[in-house]
Amino acid sequence: ETGVTQTPRHLVMGMTNKKSLKCEQHLGHNAMYWYKQSAKKPLELMFVYSLEERVENNSVPSRFSPECPNSSHLFLHLHTLQPEDSALYLCASSLEVEADTQYFGPGTRLTVL
Amino acid sequence: LAKTTQPISMDSYEGQEVNITCSHNNIATNDYITWYQQFPSQGPRFIIQGYKTKVTNEVASLFIPADRKSSTLSLPRVSLSDTAVYYCLVGDMEKNTGRRALTFGSGTRLQVQP
C-alpha cells in the first residue's frame, strides 16, 4: 500500500464511450502525475500537476483530459478513445514536482474495444 | 540530458545475490540515483535512492562509485517474488519546459528461477 489509490482497477470501454479514471493520494503531496504504460514499453509521462495547476502536458491527444480539483485528487477523463489507447494507466504523487521519489498507485488496466 | 543504460534482462536462481548495474554518464551534480521495482500490472515501487558511496536498506544495497557515472543495485539472496522489472532513474531535463523530471527507461527484467 503506497498511499495512492486508483479506481477502477479495470475498465473496458467502446470507442464512443466517455469514462473517467480517478486517483487519490493520502500522503499530503503537492505533485501528481499520470503515466501510460503500453505492453512492453517504458512508462510514458502524460501530465504533471503541481498544487492543482497543470505544469506539463507531454503532447497527449485531446481525447485525454486531466482534472485536478485539489492536491489530493486527480482525474483522467476519456472520450472517443482508440484501441491503441489500451494500456495500464498509472497515477503517481510526490512531495514536490521535481522530487526524485514518486509513489505510484496500482494502475487502471484500460481496454478499448 | 541524463539518460540511463541497463541490461534488458537478467536470470538468477533463488538464494543468489543479484547485481544490476546502470550507467548514467551524464548525471548532473545535484541528481540522485533512484531505483524502482515493478511487478506485472502494478505501479512501480520505490526501492532505494542514493547520491554517492553506498546505501543499504532492508530490501537492497546501492553502490555508487566516486565518479557517479554508474550505480549497482544489489539484491541479496533473491527469491521467486523478486521476479520483476527494475528501473534505474536519474533526473532529466524536459526539452519543452526545462523542468527536471524522472524518465523511466526500459528497465531490467529479472527472472528468478527455483
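Throughout, a chain's letter reflects where its sequence line sits, starting with A, and its residues are numbered from 1.
- Residue B:Phe39 does not touch chain A at all, counting heavy-atom pairs closer than 4.5 Å.
- Residue B:Thr34 touches chain A through its side chain alone, counting heavy-atom pairs closer than 4.5 Å.
- No side-chain donor-acceptor contact under 3.5 Å links B:Ser70 and B:Ser23.
- In this structure, the portion of A:Gln37 lying under 4.5 Å from any heavy atom of chain B is its side chain and not its backbone.
- Proximity of the aromatic rings of A:Tyr35 and B:Tyr36 is defined here by a centroid distance below 6.0 angstrom, and this criterion is not met.
- In this structure, A:Gln6 and A:Pro106 approach most closely via the heavy-atom pair OE1-N, 3.8 Å.
- Among A:Leu88, A:Leu90, A:Leu43, the residue with the largest count of heavy-atom pairs under 4.5 Å with chain B is A:Leu43.
- A donor-acceptor pair shorter than 3.5 Å cannot be found between the side chains of B:Gln111 and B:Asp11.
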